[in-house]
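Some notes on the structure that comes next.
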There are 2 protein chains.
Amino acid sequence: MAKETIAGLAKRLGISKASVSYALNGQPGVSDLTRRRVLDLAEELDWYPSSSARALSRSRAGAVGMVLAADPLLIGTEPYHMGLLTGIETALAAGDTALMLRMVGNDPVQERATYERWAGERKVDGVLVFDHLLDDPRPALLDRLGLPFVLHGAPETGVPHTFSRTTTDHAVDATTIVDHLHAAGHRRIAHVSGPHRFVHEAERVQGVRERAAHHGMEVLPHEANYALLAGQDAVTALLRAPEAPVTAVVFGNDLMAMGGLLALRELGLRCPDDVAIISWDDSLHCQLATPAVTALSRNPGMQGRVAAELLLAVLDTGAIRTESMPRSELMVRASTAPG
Amino acid sequence: MAKETIAGLAKRLGISKASVSYALNGQPGVSDLTRRRVLDLAEELDWYPSSSARALSRSRAGAVGMVLAADPLLIGTEPYHMGLLTGIETALAAGDTALMLRMVGNDPVQERATYERWAGERKVDGVLVFDHLLDDPRPALLDRLGLPFVLHGAPETGVPHTFSRTTTDHAVDATTIVDHLHAAGHRRIAHVSGPHRFVHEAERVQGVRERAAHHGMEVLPHEANYALLAGQDAVTALLRAPEAPVTAVVFGNDLMAMGGLLALRELGLRCPDDVAIISWDDSLHCQLATPAVTALSRNPGMQGRVAAELLLAVLDTGAIRTESMPRSELMVRASTAPG
DNA sequence: CGGGGCCACTGAACCGGTTCAGCAACTCCC
DNA sequence: GGGAGTTGCTGAACCGGTTCAGTGGCCCCG
């Protein structure tokens, strides 16, 4: 079946292309009768507008892009990103916008090249950007490229920003976590975080430090890279250290928490009796582990939805807005239960 | 900066649009000198072809689509799909093709509507289809829509097919699994599979049955739905049954295997001493569980890459081809280790 | 009754590429 | 020296929509 076009519909009805276009788009300039006839015929021939023709004449791609820049190995195992993706897609589908996905190994150059191409080819109308970095070059780049974007997970700081973003209050999360450990009697803890070049990690580290100080607790910070092995190594190193041992470890994600658990087992230490464990991300891993791991549930699906909806609004209105993420919830499980 | 266009380049160089186009696309019809001048200028102004204009005139979108039709809850937790996605994206990026992603809850109507729209709007050049169903309506639908596709995970059966697909030999996998259990001394096992409406599940069930018969083993089949809870319930039901208990359970995916493990724990049974467990999908869950779960590693990343490359080839040549998936590998772990 | 305003509709330009037919100049060969 | 073939280039049509500047007919009102 040859594709129907607007010209085809017009010819069949004996009217002009322009009228057909107006009718189909609900624009004024056609009588109700004509509009009905057009819509009925379009329905009957199941006509759809050619997305490329429409994109060309409207100068709008009808799609937004997302670059997943992370170790492919991590992405496959970390449920956080998948949850995010699901939420994003839900919001975009509702807004009749397509999602263009690109995965690049943890490579800033490729991420940058992708944005440049997308902007140059006008392939997407905007992008979602993740994992805000210290001195992040991407906002400036995207501004220069004229590509609208939403930065997901920017700091909560009150500084007025020149771009749209979603924020999470990591200080509040830190307080939740530290208070929980303090209440369980811990006075000396370790914090195995992700790389500090991520703004959210820097904020978490600071948040934990400050809240711990507030309680008069001691914190051993340890920077790692989110991998299972990193969590394992961190715990091994921390507990072999000559200083008085910590009684609890906070992990920056679920994978490292799992690694920590393995390390404890190898060291012959019991969790939570000898060392308690808590993860900054909840996931099935935390629920299934033995003992089940206490974790902060951040609802990635909701976060994705909010971010995507914000991007759609930005594309629509051009406004610059900031959206706060809903509060996280601590899922208390056996790994921190008073022994 | 206003976007450069081919007309702009042509004007600056004092030549025609046509020549510029030929030069940029490596087509004959321009002198080497002119070609160089065009390419240099394009480089200098960093010009990119407008994807929509190109799509319109070439009648090719430069993108392929993929509908992830599964329970969003499952998708987030099952690493299989994410691995697949990573592989697909890798292959597409190499082929300069964009990936359009749509997630629909486990809803055939929405999946169908998505294909119809994509075809009608000519938004994608082809699609990747997953989870072959018994009496799958999708091949016929896509043929009718004129949308090229690759069906991933079709049966290995020798019947000549009218479409391109990738196949997995589930009988071989079943043999691997059953032989492993037989060698460990099991004679009566259960097989907790996914829904039989999936062709691959039907084949696995048959494969397990036949291989077990070959060894004179007994198999209790149990159809479930891939969810954690389903695995849990299945094991509870199977082991409470009045008949002689099984000594091993084969699970259709890692999640159900985890559920099975939980159920065993609740029933006070030890794994592998009382009941051995084996999963048809490997993942971090299997590796982290206590005991670690023996699983068939199917390399989803590789599968995705092969499927995507096949689709690109199909789009290029229009040929109908079948690609076999590489052999799976059994990762033997504690859950089936002779007690 | 005449003029202003509105309504329904149309032709043509436009978005930014690709591609075809045509044409001038130049080479080659008998 | 003249016809055939090649090379390098151009103008214009085309892909399938959107949109602007008319145009004619009709109604309303002073």
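Naming: A, B, ... by sequence-line order, numbering from 1 per chain.
- At least one side-chain heavy atom of K123(B) sits under 4.5 Å from a side-chain heavy atom of M100(B).
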Derivation of the side-chain hydrogen bond (donor to acceptor under 3.5 Å, both in side chains) call for Y115(B) and Q110(B): CA-CA 9 Å; Y115(B) 292 141; Q110(B) 274 197 52; over 6 Å; no
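- Among the nucleotides dG16(C), dC20(D), dG16(D), the one closest to the side chain of S57(A) is dG16(D).
- R122(B) has its CZ atom 20 Å from the P atom of dG17(C), to the nearest Å.
- Contact between the side-chain N/O atoms of S21(A) and the OP1/OP2 oxygens of dT18(D) is found at a separation under 4.0 Å.
- Checked by distance alone, K17(B) brings no side-chain donor or acceptor within 3.5 Å of a matching partner on the base of dG16(C).
- Of the candidate nucleotides dT19(D), dA8(C), dT19(C), dA8(C) has the atom nearest to the side chain of T34(A).
- In this structure, a donor-acceptor pair under 3.5 Å is present between the side chains of N25(B) and R54(B).
- The nearest whole Å value for the distance from the CG atom in L13(A) to the P atom in dT10(C) is 10 Å.
- Residue S52(B) places no side-chain N or O under 4.0 Å from the OP1 or OP2 atom of dG17(C).
- One interatomic measurement links the two molecules: CZ of R37(A) to C1' of dC9(C), which rounds to 13 Å at whole-angstrom precision.
- Atom-to-atom, CG of L9(A) to C1' of dT18(D) comes out at 15 Å; the value is rounded to the nearest Å.
- Proximity of S31(B) to the phosphate of dC9(D): a side-chain N or O atom is located under 4.0 Å from OP1 or OP2.
- For K11(B) and dG17(C), the NZ to P distance is 14 Å, given to the nearest whole Å.
- Atom CG in L56(B) sits about 14 Å away from atom P in dC14(D), given to the nearest Å.
- The shortest distance between the side-chain N/O atoms of S50(B) and the OP1/OP2 oxygens of dC15(C) is not below 4.0 Å.
- Each of A53(B) and S19(B) was matched to the nucleotide of DNA chain C holding its nearest heavy atom; the match closer to the 5' end belongs to A53(B).
- Residue R54(B) has a polar side-chain atom (N or O) positioned under 4.0 Å from OP1 or OP2 of dT18(C).
- A donor N or O paired with an acceptor N or O is not found under 3.5 Å between the base of dC7(C) and the side-chain atoms of Y22(A).
- Tested against S164(A), the residues T322(A), I320(A), L311(A) include a single side-chain contact (heavy atoms from CB on, under 4.5 Å) partner, I320(A).
- The shortest side-chain heavy-atom distance between D131(B) and V199(B) does not fall under the 4.5 Å cut-off.
- Distances were taken from every side-chain heavy atom of I6(A) (C-beta onward) to each of dT18(D), dC9(D), dT10(C); the shortest belongs to dT18(D).
- Nearest-nucleotide mapping onto DNA chain D: of D32(B) and Y48(A), the residue sitting toward the 5' end is D32(B).
- In this structure, the nucleotide among dT18(C), dT18(D), dT10(D) sitting nearest to the side chain of R58(A) is dT18(D).
- Nearest nucleotide to the S16(B) side chain, out of dG17(D), dG11(C), dT10(D): dT10(D).
- Taking atom NZ of K123(A) as the reference point, atom P of dG16(C) lies 16 Å away to the nearest angstrom.
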